[in-house]
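The structure under discussion appears below in the form of structure tokens.
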Amino acid sequence: MFDYSGLVLYAIFIPLIVALASLFVAKIPKIGANIAKGSCIITLLIILVILLILVPAVETNPIQTEFFSFMMINATATIGIYVDLLSLLPAILCTFIAILVLVYTISYISPKNKAYCASSDFNRIYPLSLLLVSSIIGALFSSNMIGLLFFWELISLSLFGLISFWYRERDSVKAAFKCFIMTHIGSLALFVATIVLYSETGTLSILEYQTALVPTGLATLIILSLTLVALLPKAAQMPFHTWLPDSTTAPTPAVLLILASDSAGIYLLIRFFTQTFRPVMEQLPFVPFPGFFGNINIWSFILSTIGIITLVSAAANALTETNLKRILGYSVISELGFCVMVTGFASAMGVTSGLFYLSSHLLVAGLLFLCIGSVIYMTGKTDINQIGGLYKYMPLTTILTAISVLAIGGLPMLSEFIGKYLIIQSTFDLGSPFFLAATMLGGVFHLAISVRLLYSVFLDKDKHACISSSLSDPPLTMLLPMVILASGIVILGVVPNLLLDSIILPAIGQIGFQANLVEPLVILSTSLGHWTPLVISVAILTSVAALSIFVTRFTKKKKRDPSNADAFKPFLCGEDPENRYDLQSGLYYDSVIQNLRLDEAKRASDVDRFYNFLIKQFTKLCNSVSKFDIEQKFSFAFLSFFIATVVLLIIVIFVV
């Protein structure tokens, strides 16, 4: 019988080895840079093939192998892997996104990019992408807390390197350190949780906690709280989410890779709170008013409420931002709030909808990021108020952006429709009008954000926008990843069973749930009804084709009068500069912002004010402590440090 554990090790360590080797290969004169770039892309393609090979291999039995053990002070740590379909899904998605990112980077980081002063030489996005993929796969496949802690830290270091790509710019360095600090708050919480878990269970194996952890006691509450704090930063959830919008100072393809890394946080939320800690959570009391909140326990309600708060607050920020990439950054956080909300339900349909929505979200948000990156590449502008009317010059980019916007709007035939349908189904199964209302509100917010981008950037010919007639669609190496993502959105929307049948539903079964969504003839079956996405898609295409033929053949073509301002009036979420502050123009975007008081909501949910307050207090403390400095010499200072270290070790050994 073939030993698949070797393939798992290849998937974890080959990217790391190639990342290091590429730094030396790139130094070969003339051809080194191209060889290094090609080797990084080919390596990720190989890793993707390996991961796909593992899918049928773990469908019946997960791969579980222990490689070696070592003694700690009071424990024996075993390093091993555990690979099932739940861990394979985000690994495949991250690797797939990383391949597209590196192909996109070939042209994006070049002298032709009008936004940056960059060369076409080999840059650190390539090795850091491999390092990030390696660390994500390592974290996903770790069977014990020691391995998870190691790769969890490696993810933070990779993110730091990607965000600080433009290290000569102050904002990039600040954003990188902000990410580093916030994610390390999570790492510290995970480290302390590991200590408490071992003290309570006597094991470091993640899977053994399901039976070894006692469902009651203060220690259990501490473990749940620390684990939640540990996972929130990398899932970009309130209040540890503000590093993600700041990280958009990195090049656009790097930002997309950073976005893909958030899937590791969502995965661990599912792994811990729907499988590992399920016996503990099942013992917790339910929230009151089940007719409104549904049949959900207190801890699940807390987790889902965090998702809702993140969803709404991040959407309010996205609707009031003007920087293109920050708008998308907040939009991504808001979409991830959906995933956390349904994951918190800890139900079969909740986890199913969360995994499908996460997969769809990476495709849709990825396409939107790459389209906006193409706009930045061609125009050199990132302010939404300085760009407009690009549909004339970038028609393919406009069409691809429209696909992502229509997907976010929930158009049948596109993947996001399936995802939102499953989320709505999960709220019905829970019996919760509260979460159903939050889902509807989130859908409206996300549509408003995406339509605002589409209209303002591509359709609105603002008189203040400086548009050059030399603009065009981006090069092929940038268009190709965009087309692939758009194709994936359509395929998952037309035939969602490809993903549901092959990975998601079997993964749900492996963690102990039963979700029977799929029937013969490619029919989705839920309590809301039976329907076939493929038939609906064909019906929509037929209707659109018939309507187009009717409009073109049986209606008179009327020429627009350029002198008539009404010919250029905007539609939903657009802005009319002349009526911007007219209260009667209630349909216009700016008036909606004022009436909903989104600016106030943005300021109220700005947790950065709290972080800045802590920084100021810490700075004052440092200034006060510095007054005790007596200008010790180096040798004496080193001796003091050494003595203090010895004293601490003695305390740990003989007291603790």
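Annotation: side chain of Thr105 is in contact with side chain of Val101 (closest heavy-atom distance under 4.5 Å). Using a 4.5 Å heavy-atom threshold, the side chains of Tyr167 and Arg124 count as touching. Residues Val351 and Thr343 form no side-chain contact, since every pair of their non-hydrogen atoms from C-beta on lies 4.5 Å or further apart. Between Ile97 and Leu485 the shortest side-chain heavy-atom distance falls below 4.5 Å. When side chains are defined from C-beta on, Arg271 counts as touching Asp84, because their heavy atoms get closer than 4.5 Å.
One distance of note links OG of Ser353 with CG of Leu358; it measures 11.0 Å at 0.5 Å rounding. We find the OG1-CG distance between Thr398 and Leu459 to be 7.0 Å, quoted to the nearest 0.5 Å. From Ser134, atom OG reaches atom CZ of Phe13 across 7.0 Å, with rounding to the nearest 0.5 Å. A distance of 7.5 Å separates OG in Ser456 from CD1 in Ile327, rounded to the nearest 0.5 Å.
Relative orientation of the Phe180 and Phe177 rings is perpendicular, given thresholds of 30° and 60° on the angle between their planes. Note on ring orientation: taking the six-membered ring where Trp is involved, the planes of Tyr421 and Phe417 are tilted (angle from 30° to 60°). Using cut-offs of 30° and 60° on the angle between ring planes, the pair Phe338 and His446 is perpendicular.
The side chain to side chain contact (heavy atoms under 4.5 Å, CB included) test with Val405 singles out one residue from Val451, Ile449, Leu453, and that residue is Val451.
Taking all atoms of both residues into account, the shortest heavy-atom contact from Phe122 to Ala26 is CD2-CB, 3.5 Å. When every heavy atom of Leu159 is checked against every heavy atom of Ser261, the shortest pair comes out as CD2-OG, 3.6 Å. For Ala176 against Ile163, the heavy-atom pair with the smallest separation is N-CG2, 3.5 Å.
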*List the steps, then state whether side-chain contact (heavy atoms from CB on, under 4.5 Å) holds for Val332 with His361.*
CA-CA 8 Å; Val332 164; His361 163 65; 3.8 Å; yes
_Evaluate Ser107 against Thr477 for side-chain hydrogen bond (donor to acceptor under 3.5 Å, both in side chains), listing each step before the verdict._
CA-CA 6 Å; Ser107 295; Thr477 52; 2.3 Å; yes
*asked:* Applying side-chain hydrogen bond (donor to acceptor under 3.5 Å, both in side chains) to Ser110 and Asn113, what does each step give before you reach the verdict?
replied: CA-CA 6 Å; Ser110 69; Asn113 191 322; over 6 Å; no
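The backbone N or O of Leu131 lies less than 3.5 Å from a partner atom in the side chain of Ser135, making a donor-acceptor pair. In this structure, the side chain of Lys325 engages the main chain of Thr248 through a donor-acceptor pair within 3.5 Å. Between the side chain of Asn34 and the backbone N or O of Lys37 there is no donor-acceptor pair closer than 3.5 Å. At least one donor-acceptor pair closer than 3.5 Å links the side chain of Asp473 to the backbone N or O of Leu396. Not one N or O on the side chain of Tyr104 forms a donor-acceptor pair closer than 3.5 Å with the backbone of Pro481.
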